[in-house]
Structure formats: C-alpha cells, structure tokens
Amino acid sequence: MLGYFQHAKLTTDTDRQPFVEDIERLLKQPKLDEDDFEGLYGEICHHFGHDDVGWADSLGNLALLDANTNRSYKNALYPVKRTRIIENDMRGIFVPICTKNVFLKFYSRSSRDLLYWQESDANDYLAAIEESLSEYLPEQGGLDA
C-alpha cells in the first residue's frame with residue numbers, strides 16, 4: 001500500500017501525503033497496533049469510496065486472476081489491484097483479457113475516474129457479460145431469467 005501512495009499519480013500530493021505519513025508511522029512501530037491499522041485502513045477505504053457496499057460480492061465485481069495474484073490481493077483497494085494487474089501484464093504475466101479489460105474500465109460506459117470501481121462500473125461489466133452470454137444462451141433470456 002505504501003508503494004502505491006508513494007508512486008501513484010493522484011490528483012495532488014496533498015491527496016496522498018497524509019496516507020504516506022500515517023503508513024510510514026505504522027510501519028516504524030515495533031508492534032503494529034491493530035486499532036491504528038484498522039482506523040487508517042478505514043480512512044483509506046473511505047477516501048477511495050470502498051466503504052461496505054451491497055454489490056461487493058456480485059458477479060459484476062468479480063474477475064479472473066491467477067492464484068498468486070489473487071492471494072496477494074487480500075483486501076487491497078481497487079487502485080492497488082489495478083496497478084498490479086497493469087504491472088503483471090507489462091512483465092508478461094498472463095492476465096485474462098476480460099480481467100485486463102475490467103481493470104482498464106473497458107466495459108464502463110463512463111470511465112471518468114480510473115482510481116475508483118463503482119457500482120455503475122460493476123453494472124456495466126455485468127451487462128457486457130450478459131450480452132456475451134446471450135449469443136450462446138439465447139433461450140435463457142440473459143442472466144436475470
């Protein structure tokens with residue numbers, strides 16, 4: 001997470017500086033204080049719009065990943081995942097095309113902000129899945145039938 005904030009191209013340095021300082025402070029502690037960590041994690045989640053949402057476990061919020069990448073994510077935020085997907089692809093690590101497209105927001109009708117994965121992005125991705133499957137399952141009438 002620290003690496004992301006140190007190198008990310010966020011709007012301004014003031015967007016990331018408090019997080020960098022807080023993460024560095026936590027990392028310097030001989031023993032990580034769980035309450036401090038949870039508090040900072042909550043602030044970062046809120047900053048990136050990753051508060052608890054009802055659609056988090058929906059099909060529109062899932063992508064295929066190799067086992068190593070998937071395990072390394074744990075509860076990483078969308079911009080961290082996106083950065084890692086792009087880095088993996090650049091290093092020649094196989095990333096399924098639809099997974100790459102999800103993180104490039106290829107399916108999103110309005111991709112004004114690449115740092116956030118929003119419900120509208122998930123809905124647009126789900127619509128693309130439904131459209132692709134309708135060719136193979138026309139009698140099913142889509143995923144809602």
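Model, not experiment: these values are computed from the prediction.
For the atom pair CD1 of Ile85 and CG of Asn101, the computed distance is 11.5 Å after rounding to the nearest 0.5 Å. To the nearest 0.5 Å, the span separating NZ on Lys105 from OG on Ser120 amounts to 7.0 Å. If you take CZ on Arg84 and CG on Leu65, they are separated by 10.0 Å, rounding to the nearest 0.5 Å. Here the CD atom belonging to Glu119 is positioned 11.0 Å from the CG atom belonging to Leu126, to the nearest 0.5 angstrom. In this structure, CG on Asn123 lies 9.5 Å from CD on Glu130, to the nearest 0.5 angstrom.
Here the side chains of Ile129 and Tyr107 are not in contact, with every heavy-atom distance at 4.5 Å or above. You'll find the side chain of Trp117 stays beyond 4.5 Å of the side chain of Lys81, heavy atoms only.
Between the side chain of Thr83 and the backbone N or O of Pro79 there is at least one donor-acceptor pair closer than 3.5 Å. In this structure, Gln29 contributes its side chain and Asp33 its backbone to a donor-acceptor pair below 3.5 Å. When atom types are taken as modelled, the side chain of Thr99 and the backbone of Leu64 share a donor-acceptor pair closer than 3.5 angstrom.
In this structure, the side chain to side chain contact (heavy atoms under 4.5 Å, CB included) partners of Asp124, at least two apart in sequence or on a different chain, are Ser108, Arg109. Every residue meeting the salt bridge (Lys or Arg N to Asp or Glu O under 4.0 Å) condition with Asp89, not counting sequence neighbours, appears here in chain and number order: Lys100.
For Ile93, the CD1 atom sits in a packed shell: over 12 heavy atoms of surrounding residues, nucleotides or ligands are nearer than 6.0 Å.
Using the six-membered ring where Trp is involved, Tyr78 and Phe103 have ring planes that are parallel, under 30° apart on the 30 and 60° scheme.
Here the shortest heavy-atom pairing between Leu59 and Tyr125 reads O-CE2, 4.0 Å.
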Note to self: Quick one, Arg25 with Asp36, criterion side-chain contact (heavy atoms from CB on, under 4.5 Å). Give me CA distance, side-chain angles, the key distance, then yes/no.
What the structure shows: CA-CA 10 Å; Arg25 181 183 51 75; Asp36 287 348; 4.0 Å; yes
